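Nothing here was measured: the structure is a model prediction, and the numbers come from that model.
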Amino acid sequence: MKVLHSERVELQRVETKSGAKLWKIQLEKEGDFLLEQNPKKDSIFGRWYRVRKEVDPDFYLFWEFKNGEYTGRVLRARFQSKQELEREIEELLKGQK
């Protein structure tokens, strides 16, 4: 495989004032990062994330920040097996017939 672009990315574990331990993906440019949703926040997203993580601990939601400002975009990610992914694909394709 040929590298077309490369930049430094650092995975950090951070702790908020409320004691929540979150993942932060620090990108190369200062002020550009992705921050995991805080499940301790008493907001619609915090409450939803708390419930979602109880049901699916392999699910992650990250908020995007550029130049230290929230962009309004989120990254949703979930670790799962190849078999789980294949089942999802089959179900989706069945609905398109």
Side-chain angles (χ1 to χ4, degrees):
M1 134 176 24
K2 179 179 162 184
V3 176
L4 301 176
H5 175 79
S6 179
E7 74 178 66
R8 183 185 59 82
V9 174
E10 184 178 344
L11 183 60
Q12 302 173 344
R13 193 72 166 154
V14 298
E15 186 171 359
T16 66
K17 293 176 189 174
S18 66
K21 292 177 177 68
L22 308 176
W23 287 109
K24 179 180 178 185
I25 303 170
Q26 181 62 55
L27 304 175
E28 190 167 28
K29 185 178 174 204
E30 186 66 33
D32 291 1
F33 59 92
L34 300 165
L35 184 62
E36 184 181 9
Q37 170 61 49
N38 184 343
K40 292 188 173 193
K41 273 211 162 182
D42 189 28
S43 67
I44 189 168
F45 295 108
R47 292 189 303 270
W48 172 80
Y49 195 59
R50 210 168 28 250
V51 171
R52 179 71 192 253
K53 290 293 279 183
E54 288 174 9
V55 173
D56 186 1
D58 291 328
F59 177 82
Y60 293 90
L61 180 74
F62 290 91
W63 298 98
E64 180 186 52
F65 290 80
K66 295 280 185 184
N67 298 317
E69 299 288 327
Y70 169 61
T71 65
R73 295 172 17 127
V74 297
L75 170 66
R76 294 169 43 132
R78 182 176 185 275
F79 288 101
Q80 65 187 88
S81 71
K82 180 179 179 250
Q83 291 78 20
E84 289 174 304
L85 178 59
E86 288 170 343
R87 279 194 299 275
E88 285 183 34
I89 291 169
E90 288 173 10
E91 289 299 314
L92 178 66
L93 296 178
K94 280 181 190 176
Q96 293 183 352
K97 290 183 180 179

> When you check the gap from the basic side-chain N to the acidic O, do K82 and E86 get nearer than 4.0 Å?
Replying inline: yes
>> Would you say that L61 contacts L75 through its side chain, given a criterion of any heavy-atom pair below 4.5 Å between the two side chains?
In response: no
> Atom NZ of K66 and atom CG of D32: how far apart are they, to the nearest 0.5 Å?
Replying inline: 4.5 Å
> Looking at side-chain heavy atoms only, is the closest gap between S43 and N38 below 4.5 Å?
Replying inline: no
>> For the CD1 atom on I44, are there more than 12 heavy atoms of other groups (residues, nucleotides or ligands in this structure) within a distance under 6.0 Å?
In response: no
> Nearest heavy-atom pair of E28 and E7: which atoms, and what distance?
Replying inline: OE1-CB, 2.9 Å
> Between Y49 and E36, do the side chains contain an N or O donor and an N or O acceptor separated by less than 3.5 Å?
Replying inline: yes
> So do the side chains of F62 and V74 get within less than 4.5 Å of each other, counting heavy atoms only?
Replying inline: no
> If you look only at pairs with a residue in residues 16-48, which of them pass as a ring-ring contact (aromatic ring centres under 6.0 Å, His included), with sequence neighbours excluded?
Replying inline: F33-F65, F45-W63, W48-F59
> Are there more than 12 heavy atoms of other residues, nucleotides or ligands under 6.0 Å from atom NZ of K53?
Replying inline: yes
> Going by heavy atoms in the side chains, are L35 and V14 under 4.5 Å from each other?
Replying inline: yes
>> Checking the side chain of E54 only, and the main-chain atoms of V51 only, is there a donor and an acceptor separated by less than 3.5 Å?
In response: no
>> Applying salt bridge (Lys or Arg N to Asp or Glu O under 4.0 Å), can you list everything that pairs with E88, at least two apart in sequence or on another chain?
In response: none
>> I need the single residue from R73, Q26, E64 that forms a side chain to side chain contact (heavy atoms under 4.5 Å, CB included) with L34. Which is it?
In response: E64
> Does the pair R8/E10 count as a salt bridge with the N-to-O cut at 4.0 Å?
Replying inline: yes
> Would you say the side chain of Q37 lies within less than 4.5 Å of the side chain of R50, judging by non-hydrogen atoms?
Replying inline: no
> Any idea which heavy atoms bring S18 and K40 closest together, and the distance?
Replying inline: O-NZ, 3.6 Å
>> Would you say that N67 contacts K29 through its side chain, given a criterion of any heavy-atom pair below 4.5 Å between the two side chains?
In response: yes
> Under a 4.0 Å N-O cut-off, is there an ion pair linking E90 with R87?
Replying inline: no
> Do R52 and R76 have side-chain heavy atoms sitting under 4.5 Å apart?
Replying inline: yes
> If you take all heavy atoms of L85 and Q80, which pair is closest and at what distance?
Replying inline: N-NE2, 3.1 Å
> Would you call K24 and E15 a salt bridge, using N to O less than 4.0 angstrom?
Replying inline: no
